Protein chains: 2
Amino acid sequence: MATQCRNCPIRKLDLFTQMRSEEVEFMERFKVGEMTVDAGAPLMSEGANTPQLFTALSGMGLRYKLLANGRRQVINFVFPGDFLGLQAGVMNEMTHSVEATTPMRLCVFDRSELWTLFKSRPERAFDLTWLAALEERFLGETVTSVGQKSAIERVAWAFSRIYRRICALGLDRDGEIPLPYRQQDLADALGLSLVHTNKTLARLRDRQLASWSDGRLRVPDIEALEEAGLVDTSLVPRRPLM
Amino acid sequence: MATQCRNCPIRKLDLFTQMRSEEVEFMERFKVGEMTVDAGAPLMSEGANTPQLFTALSGMGLRYKLLANGRRQVINFVFPGDFLGLQAGVMNEMTHSVEATTPMRLCVFDRSELWTLFKSRPERAFDLTWLAALEERFLGETVTSVGQKSAIERVAWAFSRIYRRICALGLDRDGEIPLPYRQQDLADALGLSLVHTNKTLARLRDRQLASWSDGRLRVPDIEALEEAGLVDTSLVPRRPLM
DNA sequence: CGACCTGTTGATTTAGATCAACTTACGTGG
DNA sequence: CCACGTAAGTTGATCTAAATCAACAGGTCG
């Protein structure tokens, strides 16, 4: 039996904007089920026209694109609260793939009901657009990091962003968060080679800015890390949850 | 006296999805005016909370972010039909700046009316979300190009995308389009140095793939250029126009 | 046990950055 | 009308951050 939205495990977090109770009721109707997947499971694939939209509830994943030359770009990492499938929802085609890195639990929505949402729930439609704008904002920052920063700045930037997000989800425990990706994933996200990423991680460790091993990231001083990553510290607002 | 939407100079192009007449009427009310600006004029700036939203009607511009270290990332180029200010519209703050490269003419909308649009015009709200998803798609592709491609592939990719778009706007004339940017702008868009960009342009010219000088880009064989740029040639759908 | 995956480290190479000149073209002001 | 300053493009020489190549170590699993 699927969790009812009123008992949603993450909705109440400060990270998210709060919904009015009619909205919660609407989402309970909009939601068609829940899905749990194993680590490594593909969730959506580039070019496909998935009938389903998801909101991640727990676990972590990643979005990526493959190139003709075999290289892979990790577009970003997927954390609880992220909405998956907007492109399929409005344009009928995903232009990137999504896969689960750890086991994941996701809310499932029916894509064909999306238009109903726009017609009957303008505030939810607005929230969806907000999420799209937030994604655009984040990708603009990613382009900037990959295009203009040195290796150490890029890794520091990525760790800062991830650390802040995971903390906001309440998953940190004395300065440490779970980060269950491989170095190759980070390398592909930042446009760096695996070897150079590894050496850059060692440098960050030496400088006591961040230490990532055994799937856990320890950040002794987040502000110092943000500075090292030239991170734009303008406030990231609360985000809507679909 | 501002152009009325019914006489919009670009709306009828095949590039754009067609609107129903009620939608056109609604847009005429939503539109509060028109603006023309000189080359070099700033349109929006990072961190600011502009009260206005725009749709570009003519001319070209660019979006960019500046870093603490003085470097600049050009996020993308702005062409007629592009919508500007979505971030300000939903999140009250731009995270990048926009400036006019040539003189531009723009439709002006009132940000505070955006919520009215969501409440009373769900199909227009849907279109806006579509545009946001399209932007996300394009930025994903940009990250992939900047993160994973060689200099010549990146330039070929950018030229392909630009060429296709400008042709769709009907601005091409025997295999040539206007492209009034500086080499520095392209360099900042692709994460390359100015000097290396210049040398890469020479290589593309030698290989007869693309020749850009005096503000005009000539492309003898767009398919060959796309191949050189590892361009994902899956169909780019018609886009909504706001 | 052996195959495979992930991480680590050192040696070598290279794409692209940086540095430095020089050329046009285009104002602007004397 | 010319001198000078500035912006954009071009080209060659040199440097370097990061890529590539190679080898090995520890874990895990069938």
Side-chain angles (χ1 to χ4, degrees), chain A residues 38-40 62 67 69-74 99 101-102 145-158 178-207 210-218 228-230, chain B residues 38-40 60 62 67 69-74 99 101-102 145-158 178-206 210-218 228-230:
Chain A
D38 292 337
L62 47 79
L67 275 83
N69 61 14
R71 304 180 69 144
R72 178 183 74 150
Q73 175 70 37
V74 169
E99 72 177 43
T101 299
T102 66
S145 296
V146 174
Q148 307 297 335
K149 294 179 186 173
S150 70
I152 198 162
E153 288 163 351
R154 285 184 229 184
V155 175
W157 167 77
L179 193 66
Y181 300 95
R182 292 167 304 147
Q183 294 185 356
Q184 185 71 65
D185 297 325
L186 184 65
D188 288 348
L190 300 178
L192 298 170
S193 72
L194 171 61
V195 172
H196 196 57
T197 300
N198 179 289
K199 289 171 180 168
T200 304
L201 289 170
R203 276 205 288 157
L204 277 174
R205 218 178 298 123
D206 287 350
R207 297 203 202 168
S211 151
W212 181 32
S213 61
D214 306 308
R216 300 196 61 81
L217 172 66
R218 145 157 280 135
L230 303 178
Chain B
D38 292 337
M60 299 183 187
L62 47 79
L67 275 83
N69 61 14
R71 304 181 70 142
R72 178 183 75 150
Q73 175 69 39
V74 169
E99 71 177 43
T101 299
T102 67
S145 296
V146 174
Q148 307 297 335
K149 294 180 187 173
S150 69
I152 199 163
E153 288 163 350
R154 285 184 228 184
V155 175
W157 167 78
L179 194 65
Y181 299 95
R182 292 167 303 146
Q183 294 185 356
Q184 185 70 66
D185 297 325
L186 184 66
D188 289 347
L190 299 178
L192 297 170
S193 72
L194 171 61
V195 172
H196 196 57
T197 299
N198 179 289
K199 289 171 181 170
T200 304
L201 289 170
R203 278 204 288 157
L204 278 173
R205 218 177 298 123
D206 288 350
S211 152
W212 181 31
S213 62
D214 305 308
R216 300 196 62 82
L217 172 66
R218 147 160 280 126
L230 304 179

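Model, not experiment: these values are computed from the prediction. So you know, we letter chains A, B, ... as the sequences are listed, proteins then strands, and number each from 1.
- When the P atom of dA19(D) is taken as reference, atom CG of Asn69(A) falls 14 Å away, rounded to whole Å.
- Rounded to 10°, the helix from dC1(C)-dG30(D) to dG30(C)-dC1(D) has 30° between the axis fitted to its first five pairs and the one fitted to its last five.
- When distances are taken from the side chain of Arg182(A) to each of dA18(D), dT8(C), dT6(C), the shortest belongs to dT6(C).
- Within 6.0 Å of atom CG in Asp206(B), more than 12 heavy atoms from other residues, nucleotides or ligands are found, so the atom counts as buried in its surroundings.
- Among the protein residues, Ser150(A) comes within range of the sugar-phosphate backbone only, with heavy atoms under 4.0 Å from sugar or phosphate atoms but none that close to a base.
- Checking side-chain atoms of Glu99(B) against main-chain N and O of Leu62(B) turns up no donor-acceptor pair under 3.5 Å.
- A 6.0 Å sphere centred on CG of Asn69(B) holds more than 12 heavy atoms belonging to other residues, nucleotides or ligands.
- Comparing Leu194(A) and Tyr181(B) by the nucleotide of DNA chain D whose heavy atom lies nearest to each, the residue mapping closer to the 5' end is Tyr181(B).
- Taking atom CD1 of residue Ile152(A) and atom P of nucleotide dA17(D), one finds them 12 Å apart after rounding to whole Å.
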Show the distances under 3.5 angstrom between N or O atoms of the protein and N or O atoms of nucleotides 12-14 of chain D.
unit_1, atom_1, unit_2, atom_2, d
dG12(D), N7, Lys199(B), NZ, 3.2
dA13(D), N6, Lys199(B), NZ, 3.3

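- Here the P atom of nucleotide dT9(C) and the NE2 atom of His196(A) are 15 Å apart, to the nearest Å.
- Between Arg207(A) and Ile152(A) there is a side-chain heavy-atom pair separated by less than 4.5 Å.
- Distances from the side chain of Asn198(B) to the nucleotides dG16(C), dA19(D), dT10(D) place dT10(D) closest.
- Protein atom CG of Leu192(B) is 20 Å distant from nucleotide atom P of dT16(D), rounded to whole Å.
- In this structure the side chain of Tyr181(A) never reaches within 4.5 angstrom of the side chain of Val74(A), judged on heavy atoms.
- Among the nucleotides dT18(C), dT8(C), dT20(D), the one closest to any side-chain atom of Gln183(A) is dT8(C).
- Atom-to-atom, CG of Asp188(B) to P of dG9(D) comes out at 12 Å; the value is rounded to the nearest Å.
- Between Leu179(A) atom CG and dG7(C) atom C1' the separation is 15 Å, expressed in whole Å.
- Distance, Asp214(A) CG to dT28(D) C1': 14 Å, rounded to whole Å.
- For Gln183(A) against Leu194(A), the heavy-atom pair with the smallest separation is CB-CD1, 3.7 Å.
- Counting to the nearest Å, the P atom of dA18(D) and the CG atom of Leu201(A) are 13 Å from each other.
- A donor-acceptor pair is defined here as one N or O able to donate and one able to accept, closer than 3.5 Å; such a pair exists between the side chain of Thr102(B) and the backbone of Met60(B).
- Of all heavy-atom pairs between Ala228(B) and Ala156(B), the closest is C-CB, 3.9 Å.
- Taking each heavy atom of Gln148(A) and Asp188(B) in turn, the nearest pair found is NE2-O, 3.4 Å.
- Listed here is the closest heavy atom pair of Lys149(A) and Trp157(A): NZ-CD1, 3.6 Å.
- Using a 4.0 Å heavy-atom cutoff across all strands shown, Gly215(A) reaches no nucleic acid atom at all.
- Taking 4.0 angstrom as the limit, Gln184(A) places none of its side-chain polar atoms (N or O) nearer than this to OP1 or OP2 of dG7(C).
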